[in-house]
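Worksheet for the structure shown next.
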Amino acid sequence: MKKSDLKEFLDEKVTLYNHPTFIESDPIQIPHLFSKKEDIEIAGFLTAIISWGNRTMIIRNATKMMDLLDNSPHDFILNHKKSDLKSFENFVHRTFNYIDIQQFITSLQHIYLNHNGLEEVLAIKDATKTYQTAIHNFKNIFFEVEHQQRTQKHISDPLKNSAAKRINMFLRWMVRNDKAGVDFGIWKSHNPANLSCPLDVHSGNVARKLKLLLRKQNDWKAVAELDKNLRKLDANDPVKYDFALFGLGVFEKF
């Protein structure tokens with residue numbers, strides 16, 4: 001497929017899937033329950049972190065997390081006492097269990113009290129045009145507080161060649177200024193041009209079929225290769241094509 005034909009094809013799929021009806025079946029519906037900026041970003045972050053496996057189960061468990069946070073995630077994060085964390089002791093999503101969620105609440109409190117929140121702590125602060133180092137630095141800050149080793153696996157490190165799919169998805173939700181009303185675009189200090197596609201089995205397989213990606217592993221090197229090709233199609237909003245790749249893979253079995 002010629003580049004102009006590929007762009008036209010993918011742009012049509014973006015229009016089809018980057019639509020409010022997409023929210024109904026996607027984990028992004030959880031942060032859409034909130035209107036306050038900090039509630040949206042905390043709900044989005046915690047939902048993104050457990051976004052692997054069956055989507056119905058992800059949405060059910062993310063809803064359960066919000067209930068345990070009294071449906072006021074920011075207020076709970078800032079003002080909870082240690083005894084309040086006891087209510088999470090039955091929570092589990094696959095390998096993400098009560099130890100992990102309790103740790104995440106403690107680390108998020110540290111970030112909001114001492115580092116001006118998630119928007120600041122995930123900002124790109126070097127001369128690069130990707131979030132590779134920013135996510136690595138974020139992970140270091142997240143685990144500055146006392147923690148159990150097991151919880152570290154739930155935040156990926158792109159400097160160790162992880163694709164960091166879930167954090168890239170969360171960044172898309174927060175940063176991408178979406179007139180269709182799916183993504184939030186509430187992080188005005190970030191630039192959508194720097195976003196990377198959340199690379200998973202579906203988007204990776206479709207990208208390979210369309211020759212947007214040659215690398216076989218879904219790692220950060222593959223993310224960088226896909227970035228390069230998607231930015232040729234739209235330099236200002238490359239990650240809009242996540243809707244096309246995901247939709248083609250999940251809904252159309254492309």
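Numbering of residues begins at 1 and proceeds along the displayed sequence. Computation of the quantities below employed the complete heavy-atom set of this structure, encompassing side-chain atoms and omitting hydrogens, waters and symmetry-equivalent molecules.
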Verdict with supporting geometry, Arg176 and Asp178, salt bridge (charged side-chain N to carboxylate O under 4.0 Å, His left out):
CA-CA 6 Å; Arg176 188 172 170 267; Asp178 178 8; 3.5 Å; yes

Least distance between heavy atoms, Ala164 atom then Pro158 atom:
CB-CG, 4.0 Å

What I'd like to find out is whether the side chain of Trp173 reaches to under 4.5 Å of the side chain of Pro198, using heavy atoms alone.
no

As an exercise, state the distance from OG1 of Thr133 to NZ of Lys125, rounded to the nearest 0.5 Å.
12.5 Å

Would a distance-only check, ignoring hydrogens and angles, find a side-chain to backbone donor-acceptor pair under 3.5 Å from Glu119 to Ser189?
yes

Is there a side-chain contact between Trp52 and His93 in this structure, where contact means two heavy atoms from C-beta onward sitting under 4.5 Å apart?
yes

CD of Glu120 to OH of Tyr112, rounded to nearest 0.5 Å, is 11.5 Å

Check whether any side-chain heavy atom of Ile141 lies under 4.5 Å from a side-chain heavy atom of Ile111, and answer yes or no.
yes

Please work out which of the three classes, parallel, tilted or perpendicular, describes the rings of Phe22 and Phe251, given edges at 30° and 60°.
perpendicular

Less than 6.0 Å separating the ring centroids of Phe142 and His110?
no

Minimum heavy-atom distance between Leu212 and Asn229, given as atom pair plus value:
O-ND2, 2.8 Å

Under 4.5 Å between any side-chain heavy atoms of Asn191 and Val175, yes or no?
no

If the plane angle is over 60° it's perpendicular, under 30° parallel, otherwise tilted; pick one for His80 and Phe76.
parallel

Gln148 versus Gln103: any side-chain heavy-atom pair under 4.5 Å?
no

Give me the one residue out of Leu16, Ile23, Thr21 that meets side-chain contact (heavy atoms from CB on, under 4.5 Å) with His19.
Thr21

Please lay out, stage by stage, how Lys86 and Glu89 fare under the test salt bridge (charged side-chain N to carboxylate O under 4.0 Å, His left out).
CA-CA 6 Å; Lys86 199 163 176 53; Glu89 285 181 357; 3.4 Å; yes

Within a strict 4.5 Å, meaning less than it, do heavy atoms of the Ile135 and Asn168 side chains meet?
yes

To the nearest 0.5 Å, what is the distance between CG (Leu10) and CD (Glu12)?
9.5 Å

Would you check if the distance from the ring center of Tyr131 to the ring center of Phe170 is below 6.0 Å?
no

Roughly how far, to the nearest 0.5 Å, is the CD1 atom of Ile99 from the CG atom of Leu85?
12.5 Å

Nearest 0.5 Å please: distance from the CG atom of Asp200 over to the OG atom of Ser51.
10.5 Å

For the pair Lys240 and Asp11, find out whether any cationic side-chain nitrogen is under 4.0 Å from an anionic carboxylate oxygen.
yes

Ring centre gap for Tyr17 and Phe246 strictly below 6.0 Å
no

Arg172 and Ile28, any side-chain heavy atoms less than 4.5 Å apart:
yes

Taking the side chain as every heavy atom from C-beta outward, state whether Phe254 and Asn205 have any atom pair closer than 4.5 Å.
no

